[in-house]
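Worksheet for the structure shown next.
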Amino acid sequence: MTKIVQNLIEKDYDHEGVERESWEIWEREKLYDYQPDDGRKLFSIDTPPPYVSAAHLHVGHAMSYAQAEFVVRYKRMQGFNVFYPMGFDDNGLPTERYVEQTYNVNKSNITRERFRELCMEETAKGAKTYEEMWRGLGLSVDWSLKYSTIDPHCQRTSQRSFIDLYNKGMVYRDDSPVIWDTHFETALAQADVDTLTRNGQMHDIAFKSVDTGEALVISTTRPELIPACVAMYFHPKDERYQHLEGKEAEVPLFGHKVPIRTSEEVDMEFGTGLMQVCTFGDGEDVKKWKDDKLDTRVCINPNGTMTNLAGPFAGMKVEQARREIVKALKEQELVVGSKQVKQNVSVSERSSQPIEFVMAPQWFIRLLDYRDEFLKRSEQLQWYPDYMKVRLDDWVNGLKYDWNISRQRFYGVPFPIWYCKDCGNVVVAKENTLPVDPAEQPCPAESCGNCGGTEFEGESDVMETWMTSSLTPLVNANWAGTEGRKGDMSIYPMSLRVQAFEIIRTWLFYTVAKSHFHHDGLPWRDCMISGWGLNEQGKKISKRDLEKFTDKEGYNRYDPHSVIQKYSADALRFWAAGSHLGHDLRFNEKDVRTGRKVVIKLWNVARLCNILLEGFNPSAPRPDLAERSVEDRWVQIELAKTIKTVTAGFERYDYAYGREALERFFWGVFCDNYVEIVKDRFWNPERYSEELRASAQATLWESLRVLLALFAPYLPFITEAIFQRLYKPYEDIASIHVAEWPEEVAELEAAETPDGMALILDLLNATRELRSQNKISQTKVLEGIRIDMDGADDGTKHMVQELAGSIQSATRCKEVVYGPADYATAVDGVKLEIVAEA
RNA sequence: GGGUCCGUAGCUCAGCUGGCUAGAGCGCCGUCUUGACAUGGCGGAGGUCACAAGUUCAAGUCUUGUCGGACCCACCA
């Protein structure tokens, strides 16, 4: 084997060139391709399939995906067979909204077919942008494992899931009132609802007792629901109203009569203690309507306008009707009082419109019956960080409804079912025909098994998007048995789910529920919950930030592509590694610049190592550690401690912990002290023995190599570039990213700082400070240093004399002399003075 | 109303099972250019660890309470 020669590493670091070059190697070597059954332990990871609206892509996204990827690269180097797919979530309301806004269309003015086309087009565009972005960031995804939630494979998986649940009796159809989005004109699930606090008007409105004609005053923030009023309630113990029980009240303006009933749930302190129930204002109304079998009077259409029941107010939007009805009531002096109140309004997460309750038949998955089992699953799952568990538990404990999976929309996975036109009996598709679209394909049954009817109608609703994304582990494991896909049920359950906290109640919960139903187990062993990348003010990075801060050249500090171009992908990743698990991280361009500094420092120190290693033969035997100099032993001990720390961090997915330790070693120990000290052995060879140079070369060669490996998960490009230039010819691996993770060395980890090294560093620091005080360059060779050991004990005196060579070398002076000095060093009883001129 | 996380230098944050004379990066001030790096080196200033009480030989670290911030859940006639 050849010896190391000069100039293996170019003077200037060109990150774009290195990024290109690295990808060429990675693709040529198929480094990230998953090879099934290769005998190694498996590590599989389930990361979020992002929505297609790629225009909103910002550094926060880059942050969370990079964080998951640090772990992936670590596991790969640990020798795991890595299964790392990437998905795109391109069905469902987010995509539909994006298309509605981009093309200015809505459900009423476009055909289902055309709308689906537009969605597919946008989906493809978005996926492309994302893929470029992820590659730019260096994500080591196996792209042949790509899925998109609207592709046939995912549709097959979702439909199979539905059929399995149908056969197990875990789905049912019901036409109770459901949470409704009047903008998208579709039903929603409980998890799709957000709460908004806003100012509202609370009105006291006079109804009339049919019996006595007395005024019965109720308080409401929603007077527009008066036409839908079906009952009046008071608390059974409320003395004021005992005489009303069983009587009727007349509804103002609309004149219909409603029964007066009692309920324990009425709060006597609220308003007058009288309460109206309408079909339907909120969940309470629905409950009373069900329990007490009240009338049904619907005054709001699915599109948020008033029905004919509202008489003169029919056709108005809800807000307008509210104003007009109050006006009309005021004219008749039926509004007894009004006050402003802070109210919490339930709104659709996707449209931000207040939700209504609408009656439309829907498919539900049973959740309420399984709460305890979900809580047990939550217990079994390994949470990182562990406190995130309570978020799932809270959600499970607060469940009020079963999971409504029907959406009255266009763009989603169809339900694999048909209904008999005569009796409504359900016919389910055969599993080997999936995916099916019942809106277009004929029913597989000849006649109805129930009534013998021969006419069928396919279900036109589609499944909500979480119905598919809750299956990502099973999509990856090819549960549906799609031909030609890599990955099978042997990867299931997966090793790790990575996601942010805000979708614990949706993505995480639904995935756990599905896995519980389908396979009676967890979908993954561990879950790692990340925070958000926020802007400098600690707020979510918005679309507006992306528009507002883009300059004429198209540079935007929140745009990952811009940032990568300017600072390098490694620099952006370095920033991303700075947030501790579960914690948000404020973005700051300066921190990315710091990342770039680290990258360049690594490049330059590798160049220096290259120079110092000239003539070194990596294949030849190297001196034992015990025979090396104190400085060399010291750096190896510090490195071993760093390996231990970084490894321990990664084992609990704490990449930030590792990054910190690594940076501390790299900068503080390796660059600023170790290399600074040993380079003199090469600049002034006449003062040192061959053995000392050999010792330094061996140590430099080994420790830089370990550093590259430790940095590799964080900085995949620069580490690859240095590895290829310096180490590749001597190693039988294609890339640093398939190198073995540095081994922990127990003896070194536990070792104390070698005798004397602390002394050398203390004297070096003292010299540095004296140089600084006297305005002498740190690199200038001093005539000498004078050490005053009058106050020191014999052990120290002895050690100083023994280490005089190292001290002289570290402090970069021509000679060490002993005599009176003034500057007190950190070493007990030792003072020091520098001699600059002869 | 219940819960979780957080409150440490001007800023962003470390500080894991209590031992700290409290750290890093950025920023600031000073200073240093003949063989890796000025995209740099070295030095310096800057903190009663939100507040109060308690446990302990010892508390930034544990307990309780108060205040402030972020978020989750609930309520939402």
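With P as the reference atom, B:C5 and B:A52 are 23 Å apart, rounded to whole Å. For the P atoms, the distance from B:C11 to B:C57 is 38 Å, rounded to whole Å. B:U4 and B:C62: their P atoms are spaced 14 Å apart (whole Å). A gap of 14 Å separates the P atoms of B:C49 and B:U21, to the nearest Å. Nucleotides B:C32 and B:U12, compared at atom P, are 34 Å apart to the nearest Å. Of the C1' atoms belonging to B:A22 and B:A9, the separation is 10 Å, rounded to the nearest Å. Across the C1' atoms, B:U8 and B:U61 are found 11 Å apart, a figure rounded to whole Å. With both ends at atom C1', the span from B:U64 to B:C26 equals 37 Å, rounded to whole Å.
The salt bridge (Lys or Arg N to Asp or Glu O under 4.0 Å) contacts involving residues 222-236 of chain A comprise A:Arg222-A:Glu224, A:Arg222-A:Glu356, A:Glu224-A:Arg322, where partners must be two or more places apart or lie in separate chains.
Applying the 4.0 Å criterion to OP1 and OP2 of B:G25, one finds that A:Lys601 has every side-chain N and O outside that range. One finds no side-chain N or O of A:Arg593 lying less than 4.0 angstrom from the OP1 or OP2 phosphate oxygen of B:U39. A close approach under 4.0 Å does occur between a side-chain nitrogen or oxygen of A:Lys11 and OP1 or OP2 of B:C37. Distances shorter than 4.0 Å separate none of the side-chain N or O atoms of A:Trp395 from OP1 or OP2 on B:G3.
No side-chain donor-acceptor contact under 3.5 Å links A:Arg297 to the backbone of A:Cys278. For the pair A:Asn610 (side chain) and A:Leu8 (backbone), a donor-acceptor distance under 3.5 Å is present.
Residues of residues 674-686 of chain A that place a heavy atom closer than 4.0 Å to RNA chain B, in numerical order, are A:Glu676, A:Lys679, A:Trp683.
Across all strands shown, B:G1 forms a Watson-Crick or G-U wobble pair with B:C73, both key distances being under 3.5 Å. Base-pair partner of B:A38: not found among the strands shown (Watson-Crick or G-U wobble, both distances under 3.5 Å).
Here A:Phe270 counts as stacked on B:A77: its ring centre is under 5.5 angstrom from the base ring centre and the planes meet at under 30°.
The nearest whole Å value for the distance from the NZ atom in A:Lys590 to the P atom in B:C26 is 11 Å. Straight-line distance from the CG atom of A:Asp194 to the P atom of B:C72: 8 Å, rounded to whole Å. One interatomic measurement links the two molecules: CG of A:Asp672 to C1' of B:A36, which rounds to 13 Å at whole-angstrom precision. What separates CG of A:Leu764 from C1' of B:C42 is a distance of 10 Å, to the nearest Å.
Ring planes of A:Phe509 and A:Phe374: perpendicular class, angle over 60° (limits at 30 and 60°). The aromatic rings of A:Trp532 and A:Phe501 lie tilted to each other, with the angle between the two planes from 30° to 60°.
Counting non-hydrogen atoms under 4.0 angstrom, A:Val277 reaches nothing in the nucleic acid. No contact: A:Lys288 has no heavy atom under 4.0 Å from any strand. A:Ser772 comes within 4.0 angstrom of a nucleotide base, judged by non-hydrogen atoms across all strands. Within 4.0 Å of A:Asn610, counting heavy atoms only, lies no atom of the nucleic acid at all. Base engagement by A:Val345 is indicated by at least one non-hydrogen atom pair under 4.0 Å involving a base atom.
Set against B:C71, B:A77, B:G25, the side chain of A:Asp282 has B:A77 as its closest nucleotide. For A:Thr594, taking side-chain heavy atoms from C-beta onward, the closest of the listed nucleotides B:A36, B:C73, B:C26 is B:C26.
Seen from the ring of A:Phe574, A:Arg659 counts as a face-on cation partner, given the 6.0 Å and 45° thresholds. Cation-pi check for A:Lys288 over A:Tyr233 is met; the charged atom lies under 6.0 angstrom from the ring centroid and within 45 degrees of its normal.
More than 12 heavy-atom neighbours from other residues, nucleotides or ligands sit within 6.0 angstrom of NZ on A:Lys566.
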Apply side chain to side chain contact (heavy atoms under 4.5 Å, CB included) to A:Thr825 and A:Leu763, showing your working. CA-CA 7 Å; A:Thr825 69; A:Leu763 297 185; 3.9 Å; yes

Evaluate A:Tyr655 against A:Phe70 for ring-ring contact (aromatic ring centres under 6.0 Å, His included), listing each step before the verdict. CA-CA 7 Å; A:Tyr655 45 80; A:Phe70 301 146; 5.5 Å; yes

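A:Tyr714 and A:Phe650 have their aromatic ring centers within a separation under 6.0 angstrom.
Look at A:Arg557 and A:Glu536 and you find a salt bridge, because one of the NZ, NE, NH1 or NH2 atoms lies within 4.0 Å of a carboxylate O, short of that distance.
Between the side chain of A:Lys775 and the base of B:C32, no donor-acceptor pair under 3.5 Å is found. Within 3.5 Å, no donor on the side chain of A:Thr779 pairs with an acceptor on the base of B:G41, nor the reverse.
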Once each nucleotide of nucleotides 11-18 of chain B is scored for protein heavy atoms under 4.0 Å, what B/S/- sequence comes out, 5' to 3'? -S-S-B--

